[in-house]
Amino acid sequence: ALIRYNPQQEQIAQHLNNERAHLLALYEAIPDAIIRVSREGQYLSHKPAMYFEPYMSPDATLGQYVHDNTPSDVSKRAYQYLQRLFDTGEMQEFENTLLISGEVRHRENRLVKLNDDEAIVIVRDITSRKRTEEALKTEKEQVLAFYEAIPDGIVRLNRAGIYLDIKPIQAQGTYKP
C-alpha cells in the first residue's frame, strides 16, 4: 500500500480545526444557557448559564423530555415553538415565567434548528428587564394620575415655542356654603 502525502488535505484539516476552536470559544463565551434538544423535546446536552440558576440541574435533565420536569404551561409552549421551528426552519422565540428557589424568574428562549432532528435553545434570564419595565409602567401610571388630578390647565411647549400638548382646565364645582 502506497500512502501519498497530500498538503491540500492537511490544509483542510487545519482549517477545520481552526473553525472548531473558533466555535468552541464562542460557545464558552456565551453567558446564557445553551440546550440541545431533539425534535421530540428530549434534552441531549445542557451548558448552564454563567449568571443565573437553572430551573433544574443540567445533569438531571439529560435524557429527559421537556414535559418531564417543566411546568405544563411552559412545556406546552416549548413544544409549540419547537414544532413551529421544525415546520418553518425559522428561529423561534418565546418568554416564560418560572418559580426558582421561591422567586419568580422570567426567561427568554430562542430556538434555532441545528439539523433535521435537533435544535439549540438559548435561554436568557430577563428578570431584571421585566422588573425595570414594570417599575417604569407603575411610575408612568403615577405621573399620569398626578397630571390628571391637577385642576389647572397645563400647556407644554418645546424650545421653539411650539405647542406639544394642552391639558385643559378641569371644570370646577360651584361652591355652596
Side-chain angles (χ1 to χ4, degrees), residues 8-9 11-145 147-148 165:
Q8 200 172 32
Q9 281 182 326
Q11 288 174 341
I12 291 170
Q14 182 61 44
H15 177 74
L16 289 174
N17 284 336
N18 289 343
E19 287 298 310
R20 184 178 183 281
H22 175 80
L23 290 174
L24 186 58
L26 285 174
Y27 177 80
E28 291 299 324
I30 294 173
D32 305 320
I34 301 175
I35 303 168
R36 187 170 52 102
V37 296
S38 72
R39 178 183 212 113
E40 295 78 29
Q42 183 181 30
Y43 294 103
L44 303 173
S45 66
H46 186 157
K47 176 188 150 302
M50 296 177 186
Y51 64 98
F52 66 83
E53 180 182 353
Y55 180 70
M56 297 256 329
S57 161
D59 293 335
T61 60
L62 294 182
Q64 300 281 320
Y65 289 83
V66 172
H67 66 266
D68 292 335
N69 52 32
T70 308
S72 63
D73 61 323
V74 175
S75 65
K76 284 178 188 174
R77 291 187 67 220
Y79 280 115
Q80 288 171 346
Y81 283 94
L82 190 59
Q83 183 64 47
R84 191 178 303 161
L85 171 70
F86 282 105
D87 288 347
T88 67
E90 296 174 3
M91 183 189 83
Q92 301 295 311
E93 181 179 340
F94 73 97
E95 295 178 4
N96 64 282
T97 304
L98 295 167
L99 188 62
I100 301 173
S101 298
E103 184 180 3
V104 174
R105 306 298 298 181
H106 301 276
R107 303 283 165 86
E108 173 188 82
N109 305 275
R110 293 180 183 221
L111 294 77
V112 291
K113 188 174 169 182
L114 185 60
N115 57 45
D116 288 341
D117 298 314
E118 297 177 2
I120 297 291
V121 182
I122 297 179
V123 182
R124 173 172 289 168
D125 188 281
I126 58 170
T127 303
S128 179
R129 184 184 88 198
K130 288 291 190 178
R131 288 178 181 160
T132 300
E133 287 171 358
E134 187 59 36
L136 287 172
K137 180 182 171 195
T138 300
E139 185 174 330
K140 182 179 178 180
E141 289 169 355
Q142 290 171 346
V143 167
L144 185 58
Y147 177 79
E148 293 298 325
D165 56 47

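Between the side chains of His106 and Thr97, a donor-acceptor pair is found at a separation under 3.5 Å. Remark: the Tyr43 side chain and the Asp68 side chain contain no N/O donor-acceptor pair separated by less than 3.5 Å.
Applying the side chain to side chain contact (heavy atoms under 4.5 Å, CB included) criterion to Thr138, with sequence neighbours excluded, gives Glu134, Gln142. In this structure, the salt bridge (charged side-chain N to carboxylate O under 4.0 Å, His left out) partners of Arg105, at least two apart in sequence or on a different chain, are Glu103, Asp125.
Looking at Thr70, its side chain never comes within 3.5 Å of a backbone N or O of His67 through a donor-acceptor pair.
Within 6.0 Å of the CD atom in Gln8, the count of heavy atoms belonging to other residues, nucleotides or ligands does not exceed 12. Shown here is Arg107, whose CZ atom has more than 12 heavy atoms of other residues, nucleotides or ligands within 6.0 Å.
Asp116 has its side chain out of reach of Phe86: every pair of non-hydrogen atoms, C-beta onward, lies at least 4.5 Å apart. Considering only heavy atoms from C-beta on, Gln42 stays 4.5 Å or farther from Val37 through its side chain. A 4.5 Å side-chain heavy-atom check between Asn109 and Asn96 finds at least one atom pair inside the cut-off.
Nearest heavy-atom pair across Pro71 and Tyr55 is CD-OH, 3.4 Å.
Cation-pi check for Lys47 over Tyr27 is met; the charged atom lies under 6.0 angstrom from the ring centroid and within 45 degrees of its normal.
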